[in-house]
Amino acid sequence: MKSIEWLTRSEFEARLEPVEGLTSLQLGFQIKSTFFDERVPIAGDDVTTEELMPSSTHRWYGSFKKRLVFFDVFDRKSDQALVTIGKSERTSIVEEGETISLIGSQLDSNCVTYIECVQSGALHSVYFRDEHSIDIPVWSCRSKREAEALCETLCRSFPMDYFVEAAEPDATWVIRDAHSGRVEGRYPSRSGALGIACRTRKELVVSAGDGFPVYTVTDGRVSTSIRK
């Protein structure tokens, strides 16, 4: 199996070349929090200040299958890594499925949590269900066939039950105190709002208004949704 070639920052920058038609693809993976410290022979760079990051960010550099890649961890104790890899604009995400799976294997990851989406007006999403029973969208697109093809690849590559459903509705999701009705926050996605609500000790209600499901969150547990 092709392995990641780990690089120092200077080695990485020396290989950077402006290539016409080249963009980058961002991916999120669940990892062991000590993976980079234990498995990578090169220390990560603290890029918090230069990248204007809101929290401590360390970055590791490498090359994978002749493509430059870097790995960001936003907290040294975090179990999430954001991976940025060069890709051709002509390559679809479905065609990138093998590369996504191989990178996940190199990171000993049991779950890809995010795949960058550049399509607007998405109708379908690939999801997984997290420990709070929240359906987390990994990637969204217009074509159900593409979503199902990527889902099949991910299910073969990771020990996670990915599935395809309709994309999250375009709405502002509001978190309110279940007792006082006070607004605790507003978020552009259902999964994001529920994730924030699950991190608190309060009893909260999450909804986007009439016609949308209403969720009750208590001590990190999400109730069955109820439609108004």
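The residues of the chain are indexed from 1 along the displayed sequence. None of these values were measured; they are calculated from a predicted model.
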Anything under 30° is parallel, anything over 60° is perpendicular, the rest tilted; go ahead and classify F212 against W173.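 Ring orientation of F212 relative to W173: perpendicular.
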Using 30° and 60° as the class limits, which term best fits the ring planes of W60 and H58: parallel, tilted or perpendicular? tilted
Under the criterion side chain to side chain donor-acceptor pair (under 3.5 Å), I'd like the reasoning laid out for E98 against T153: C-alpha separation, chi angles, the key distance, then a yes or no. CA-CA 8 Å; E98 179 184 3; T153 298; over 6 Å; no
Using 4.0 Å as the upper bound for N to carboxylate O, is an ion pair formed by [Y] and [X]?
{"X": "R182", "Y": "E184", "result": "yes"}
{"X": "K65", "Y": "E96", "result": "no"}
{"X": "D46", "Y": "R59", "result": "no"}
{"X": "R15", "Y": "E5", "result": "yes"}

For a 4.5 angstrom cut-off between non-hydrogen side-chain atoms, does [X] reach [Y]?
{"X": "C141", "Y": "C117", "value": "no"}
{"X": "M160", "Y": "L154", "value": "no"}
{"X": "K202", "Y": "D177", "value": "yes"}
{"X": "T172", "Y": "Y187", "value": "no"}
{"X": "I93", "Y": "L150", "value": "yes"}
{"X": "S109", "Y": "F158", "value": "yes"}
{"X": "V222", "Y": "C198", "value": "yes"}
{"X": "L107", "Y": "R39", "value": "no"}

Once rounded to the nearest 0.5 Å, what's the spacing between atom [atom1] of [X] and atom [atom2] of [Y]?
{"X": "C151", "Y": "F163", "atom1": "SG", "atom2": "CZ", "value": "8.5 Å"}
{"X": "I134", "Y": "L194", "atom1": "CD1", "atom2": "CG", "value": "5.0 Å"}
{"X": "I196", "Y": "L204", "atom1": "CD1", "atom2": "CG", "value": "11.0 Å"}
{"X": "T113", "Y": "I136", "atom1": "OG1", "atom2": "CD1", "value": "9.0 Å"}
{"X": "C111", "Y": "I31", "atom1": "SG", "atom2": "CD1", "value": "12.0 Å"}
{"X": "D130", "Y": "Q30", "atom1": "CG", "atom2": "CD", "value": "9.5 Å"}

Can you give me the closest heavy-atom contact between [X] and [Y], atom names plus distance?
{"X": "V94", "Y": "E146", "value": "CG2-O, 3.5 Å"}
{"X": "S140", "Y": "A122", "value": "CB-CB, 3.6 Å"}
{"X": "S207", "Y": "V214", "value": "OG-CG2, 3.7 Å"}
{"X": "V73", "Y": "D75", "value": "CG1-O, 3.0 Å"}

Answer with yes or no whether the hydrophobic clustering places Y215 together with V183; edges join I, L, V, M, F, W, Y residues whose side-chain heavy atoms lie under 4.5 Å apart. no
Shared ILVMFWY cluster between W139 and Y127, side chains joined below 4.5 angstrom?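 Different clusters.
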Have a look at S24 and tell me which of L68, V69, I85, T84 forms a side chain to side chain contact (heavy atoms under 4.5 Å, CB included) with it.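 Looking at L68, V69, I85, T84, the match for S24 under the side chain to side chain contact (heavy atoms under 4.5 Å, CB included) is T84.
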Can you name the one residue among I42, D45, T8 that meets side chain to side chain contact (heavy atoms under 4.5 Å, CB included) with Y61? D45
May I have the step-by-step check of side chain to side chain contact (heavy atoms under 4.5 Å, CB included) for F70 and V83, ending in yes or no? CA-CA 6 Å; F70 60 85; V83 179; over 6 Å; no
Between the side chain of [X] and the main-chain N/O of [Y], is any donor-acceptor distance below 3.5 Å?
{"X": "S191", "Y": "D135", "result": "no"}
{"X": "T34", "Y": "D37", "result": "no"}
{"X": "T200", "Y": "A197", "result": "yes"}
{"X": "R186", "Y": "V174", "result": "no"}
{"X": "Q106", "Y": "I4", "result": "yes"}
{"X": "T218", "Y": "R221", "result": "no"}
{"X": "Y162", "Y": "V112", "result": "yes"}
{"X": "S101", "Y": "G97", "result": "yes"}

For [X], is the [atom1] atom crowded, meaning more than 12 foreign heavy atoms sit under 6.0 Å from it?
{"X": "D161", "atom1": "CG", "value": "no"}
{"X": "R145", "atom1": "CZ", "value": "no"}
{"X": "D170", "atom1": "CG", "value": "no"}

Answer yes if the side chains of E168 and S125 hold a donor-acceptor pair under 3.5 Å, and no otherwise. no
Let me see the working for I103 and F29 under side chain to side chain contact (heavy atoms under 4.5 Å, CB included), right down to the final yes or no. CA-CA 9 Å; I103 291 176; F29 290 94; 3.9 Å; yes
Check whether the ring centres of W6 and F12 lie less than 6.0 Å apart, and answer yes or no. no
In sequence, state the C-alpha distance, the side-chain angles, and the governing distance for E165 and H124, and then conclude on side chain to side chain donor-acceptor pair (under 3.5 Å). CA-CA 6 Å; E165 294 285 355; H124 309 280; over 6 Å; no
With side chain to side chain contact (heavy atoms under 4.5 Å, CB included) as the criterion, how do S56 and F74 come out once you've worked through the C-alpha distance, each side chain's angles and the decisive distance to 0.1 Å? CA-CA 5 Å; S56 176; F74 298 105; over 6 Å; no
Determine whether F35 and D79 satisfy the following criterion, side chain to side chain contact (heavy atoms under 4.5 Å, CB included), listing intermediate values before the conclusion. CA-CA 9 Å; F35 174 86; D79 64 352; over 6 Å; no
